[in-house]
Structure formats: C-alpha cells, structure tokens
Amino acid sequence: MSLPEIVSREQWRIAREELRHREEAVRRARRALGAERRRLPMVEVDPEYLFEGGDGKATLLDLFEGRSQLVVHHFMFAPEWETGCPCCAAFLDQVGHLAHLRARNTSFAAVSRAPFTRILPFKARMGWAVPWYSSAPGDFNTDFEATVYDGGEQVERPGLSCFLREHDRVFHTYSVHDADLAELGGTTALLDLTALGRYPTGSEGLRLHDEYDF
C-alpha cells in the first residue's frame, strides 16, 4: 500500500490550504446539486401497497407515522435468505437515533422482501430499533427498482426512496441505488478523511457487526 509523502509541518499547511479551496468548490457544487434534487418533480403513488410490521399490516401512508416525509431504506433481504445483506446492515448501523429525523417531520423505515418472521429475529440480533417492514408478496420492491430482473431472475438492490405526504396523498420524490448509497454513509465519509481511505475498498471485508473477530 502506498503511503503519503512525509513533509514538514509548513509544507503540510500549504498543501492542506490548496486542497481546502478545492473542497470548498465541491461543497458549493454539492449544495447546488442538493437544491436541484429538491426541485425534482414528484409522482403520485397510486397502488395501495401493504406491508407487515411489528403492529401487523400497514399501508405506505402508515409508514409516515403522521409525519410529512418518509425515507425508506431498501434493505436487501430476499425471502429465501437466512440473514440480511452485510452491506445494508453496515449502512443501517450508521443511521443512528431517529429523533433527529423525526424532529424535522421525517420518518424512517427499512423495507425488505423477506417475511417479517425472518426479519424480526435478525433485527433483534443486530440490536436495531428502527421500524422494519416486509413488503412480501407485493410489488413495492419491483416498482421502486429495489428488486430487478436479470436474466429472468430476481436480483436485490440496496437503496433509499423518499416520499412526501399531503394529507392522504403520497408522492415519490427521489430514489438512489447501489454504489451511490455508499456515498451517504457516515463510515464512508469518515474513512474518506483518512490517509488509507476506504480500505478494503467497496464491500470487500464487510461483515455483520457481530461477526468481526476483534
């Protein structure tokens, strides 16, 4: 592995200042992109999706818990799998306390195709308190491209979808899938600040948090 060059403190300060200007340009571009994202048109969600959660059956409107916005984590957990995806688990580990989202009128929920009877013990094992629902056997995952067909087989994709509620009407405003999701994780952001970066790269070496041997 290539390590950074060793320099004097003054040389480091000069290099850091040069990089800071480029970082500021990226921040401005990111803020502008965020404004564009918020101006995306939205699509009304017509199907009456049904989910199963801790309190039984629920609609997409129920997942809002009375708030104006909803963020759904498309957690990869196919019906035939014994446990959820380690990459999705690593992302969900970073979500943290939902009070900060709820204080901003936004709810959060994980949704998977696995039956709730399989989700529940895995959720308990991971120690998560976030709301988690099964979308089986409906079309929610396929309609929002979290489950796609590849060569005739169903393939799971990680992602996030955002929804807005106006009274009893629900609108889809944004979705992000696959590698783009990693850019939103706190661990990724922290590792990007370090000299070694995201090492190992990508999903290599990722495990469920209770499977690391340290």
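For clarity, every value in this text was computed on a predicted model and none was experimentally measured. Counting begins at 1 with the first residue of the sequence.
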Table please: side-chain donor-acceptor pairs of residues 26-33 below 3.5 Å, with sequence neighbours left out.
from  : atom 1 : to    : atom 2 : distance (Å)
Arg27 : NE     : Glu24 : OE1    : 3.2
Arg27 : NH2    : Glu24 : OE1    : 2.9
Arg31 : NH2    : Glu24 : OE2    : 3.4

Identify all side-chain donor-acceptor contacts of residues 108-120 below 3.5 Å with residues at least two apart in sequence or on another chain.
from   : atom 1 : to     : atom 2 : distance (Å)
Ser112 : OG     : Phe75  : O      : 2.8
Ser112 : OG     : Trp132 : NE1    : 3.0
Arg113 : NE     : Thr147 : OG1    : 3.3
Arg113 : NE     : Glu156 : OE2    : 2.9
Arg113 : NH1    : Gln154 : OE1    : 3.2
Arg113 : NH2    : Glu156 : OE2    : 2.5
Arg118 : NH1    : Pro79  : O      : 3.0
Arg118 : NH1    : Glu80  : O      : 3.4
Arg118 : NH1    : Trp81  : O      : 2.8

Solution key, residues 40-48 side-chain donor-acceptor pairs under 3.5 Å, sequence neighbours excluded:
from  : atom 1 : to     : atom 2 : distance (Å)
Glu44 : OE1    : Arg169 : NH2    : 2.8
Glu44 : OE2    : Arg169 : NE     : 3.0

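Residue Leu98 is not grouped with residue Leu63 when hydrophobic side chains (ILVMFWY) are merged at heavy-atom distances under 4.5 angstrom, including chains of intermediate members. In terms of hydrophobic clustering, with Ile, Leu, Val, Met, Phe, Trp and Tyr side chains grouped at heavy-atom distances under 4.5 Å, Leu101 and Leu70 are assigned to different clusters. Both Val130 and Val71 belong to a common hydrophobic cluster when Ile, Leu, Val, Met, Phe, Trp and Tyr are linked at side-chain heavy-atom distances under 4.5 angstrom. Hydrophobic clustering, with ILVMFWY side chains joined whenever heavy atoms are under 4.5 angstrom apart, groups Phe91 together with Phe77. Cluster membership check: Val95 does not share its hydrophobic cluster with Val72, using side-chain heavy-atom separations under 4.5 Å among Ile, Leu, Val, Met, Phe, Trp and Tyr.
Residues Arg165 and Leu61 are in side-chain contact: their nearest non-hydrogen atoms beyond the backbone lie under 4.5 Å apart. Using a 4.5 Å cut-off on side-chain heavy atoms (C-beta onward), Glu52 and Lys57 make contact.
His209 pairs by the side chain to side chain contact (heavy atoms under 4.5 Å, CB included) definition with Asp93, Met126, Trp128, not counting sequence neighbours. Remark: Glu36 engages Arg39 in a side chain to side chain contact (heavy atoms under 4.5 Å, CB included) (not counting sequence neighbours). Under the salt bridge (Lys or Arg N to Asp or Glu O under 4.0 Å) criterion, Arg13 pairs with Glu10, not counting sequence neighbours. Not a single salt bridge (Lys or Arg N to Asp or Glu O under 4.0 Å) links Asp150 to another residue, sequence neighbours left out. Evaluation of the ring-ring contact (aromatic ring centres under 6.0 Å, His included) rule for Phe140 yields Tyr49, Phe51, His74, Phe144 as partners, not counting sequence neighbours. Considering only residues two or more places apart in sequence or on other chains, Glu211 meets the salt bridge (Lys or Arg N to Asp or Glu O under 4.0 Å) condition with Arg125. Annotation: side chain to side chain contact (heavy atoms under 4.5 Å, CB included) contacts of Gln94 (sequence neighbours excluded): Thr187. Residues meeting the salt bridge (Lys or Arg N to Asp or Glu O under 4.0 Å) test with Arg16, sequence neighbours left out: Glu23.
Thr173 places a side-chain N or O within 3.5 Å of a backbone atom of Cys162 that can act as its donor or acceptor partner. Checking side-chain atoms of His172 against main-chain N and O of Tyr174 turns up a donor-acceptor pair under 3.5 Å. In this structure a side-chain-to-backbone donor-acceptor pair under 3.5 Å is present from Ser8 to Gln11.
Think of Val148 as one node in a network of Ile, Leu, Val, Met, Phe, Trp and Tyr side chains linked at under 4.5 Å; its network also takes in Val155.
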Evaluate Cys87 against Met76 for side-chain contact (heavy atoms from CB on, under 4.5 Å), listing each step before the verdict. CA-CA 9 Å; Cys87 294; Met76 293 170 57; over 6 Å; no

After noting the C-alpha distance and the side-chain angles of Thr106 and Arg67, does the key distance pass the side-chain contact (heavy atoms from CB on, under 4.5 Å) rule? CA-CA 6 Å; Thr106 302; Arg67 300 181 182 90; 5.7 Å; no

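With a 6.0 Å radius and a threshold of 12 heavy atoms from other residues, nucleotides or ligands, Glu17 has its CD atom above the threshold. Within a 6.0 Å sphere centred on CD1 of Ile6, other residues, nucleotides and ligands contribute 12 heavy atoms or fewer. More than 12 non-hydrogen atoms from other residues, nucleotides or ligands lie less than 6.0 angstrom from NE2 of His21. More than 12 heavy atoms of other residues, nucleotides or ligands sit less than 6.0 Å from atom CG of Asp210.
Across every non-hydrogen atom of Leu208 and Gly84, the tightest pair is CD2-O, 4.2 Å.
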